[in-house]
Amino acid sequence: MNTLSSTILTNFNLPTTPMEWCILIIGLLGAICIASFSTPALIKILKTKDTTWVSILMYLILTSGSLCFMLNGILSMINDMENTFTSLIGVTLANVISFLLAFTTLLIKFCHIARAKKLGISEAELCKRLAEKKTNKKASVSTSTTAKAEPAKAKTTSASKTKKVGATKKVSSTTKTVSKSKTKKA
């Protein structure tokens with residue numbers, strides 16, 4: 001491994017002409033875009049716990065393509081050390097990142113499918129339950145925080161609101177009954 005690292009370090013040639021710099025910068029920008037392609041989708045999945053919209057076929061193709069490009073880049077770098085840093089490292093690194101993001105997305109999708117199948121429900125129903133759990137946890141955390149801050153005030157206010165609502169409902173139902181009985185007599 002020492003010969004490999006010394007070969008890479010001795011062959012580290014930065015671009016010398018403006019055209020070589022442009023090629024390097026454009027390649028790195030493309031690599032960043034490809035590497036970050038799956039990031040918004042993965043963030044959305046982690047936030048919402050919803051994978052119903054994820055296309056398995058698309059992510060299988062993306063994962064496979066990234067894996068092939070990643071292996072191609074690694075093997076090319078091992079075979080030809082001269083252009084390692086200027087052309088291949090950016091593309092290979094981008095495909096490593098792209099592969100990891102797409103694979104993680106697929107893994108979460110397949111886990112949701114397997115879990116839903118085990119429970120005997122659809123994936124959509126599982127995602128709905130997971131989202132509800134997450135919402136309930138947030139609500140309980142905010143409620144407990146409010147209750148700790150003003151425990152006496154919160155309990156008194158909620159009790160008085162319940163009584164008022166109950167009284168209003170009784171009054172309105174009595175009014176409806178009276179008006180129905182007057183209509184029947186007429």
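No hydrogens, no waters, no symmetry mates; every other heavy atom, side chains included, goes into these values.
- In this structure, CZ on Arg129 lies 6.5 Å from CG on Leu119, to the nearest 0.5 angstrom.
- Under the 4.5 Å side-chain heavy-atom criterion for Ile, Leu, Val, Met, Phe, Trp and Tyr, Leu71 and Leu100 are members of the same hydrophobic cluster.
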Side chain to side chain contact (heavy atoms under 4.5 Å, CB included) evaluation trace for Leu126 with Lys49: CA-CA 9 Å; Leu126 175 73; Lys49 306 292 184 201; over 6 Å; no

Verdict with supporting geometry, Leu130 and Arg115, side chain to side chain contact (heavy atoms under 4.5 Å, CB included): CA-CA 11 Å; Leu130 291 173; Arg115 190 170 171 192; 3.7 Å; yes

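- Distance check: Lys137 NZ to Glu132 CD gives 13.5 Å after rounding to the nearest 0.5 Å.
- A distance of 11.0 Å separates CG in Leu106 from CG in Leu42, rounded to the nearest 0.5 Å.
- Heavy atoms only, all atoms of each residue included: Lys134 and Thr48 are closest at NZ-N, 4.4 Å.
- Looking only at distances, no side-chain donor or acceptor of Ser36 sits under 3.5 Å from a matching main-chain atom of Thr39.
- Hydrophobic clustering (side-chain heavy atoms under 4.5 Å, transitive across Ile, Leu, Val, Met, Phe, Trp, Tyr) keeps Ile61 apart from Ile97.
- Pairs of residues two or more places apart, or lying in two chains, that qualify as salt bridge (Lys or Arg N to Asp or Glu O under 4.0 Å) and include a residue from residues 93-114 are Lys109-Glu123.
- Proximity of Ile45 to Asp50: side-chain heavy atoms (C-beta onward) are nowhere separated by under 4.5 Å.
- Heavy-atom minimum distance, Thr52 versus Cys127: CG2-SG, 4.1 Å.
- Leu93 contributes atom CG, which lies 11.0 Å from atom OG of Ser98 (distance to the nearest 0.5 angstrom).
- With Lys44 contributing its side chain and Thr51 its backbone, the two residues share no donor-acceptor pair below 3.5 Å.
- Separation of atoms OG (Ser38) and CE (Met58) is listed at 6.5 Å; rounding is to 0.5 Å.
- Rounding to the nearest 0.5 Å gives a distance of 12.5 Å between CD1 of Ile113 and CD1 of Ile108.
- Between Phe110 and Ile56, the closest side-chain pair of non-hydrogen atoms falls below 4.5 Å.
- Residue Leu46 is grouped with residue Tyr59 when hydrophobic side chains (ILVMFWY) are merged at heavy-atom distances under 4.5 angstrom, including chains of intermediate members.
- No single ILVMFWY cluster, assembled from side-chain heavy atoms under 4.5 Å apart, contains both Leu101 and Phe69.
- Phe99 meets the ring pair (Phe, Tyr, Trp, His ring centres under 6.0 Å) test with Phe103; sequence neighbours excluded.
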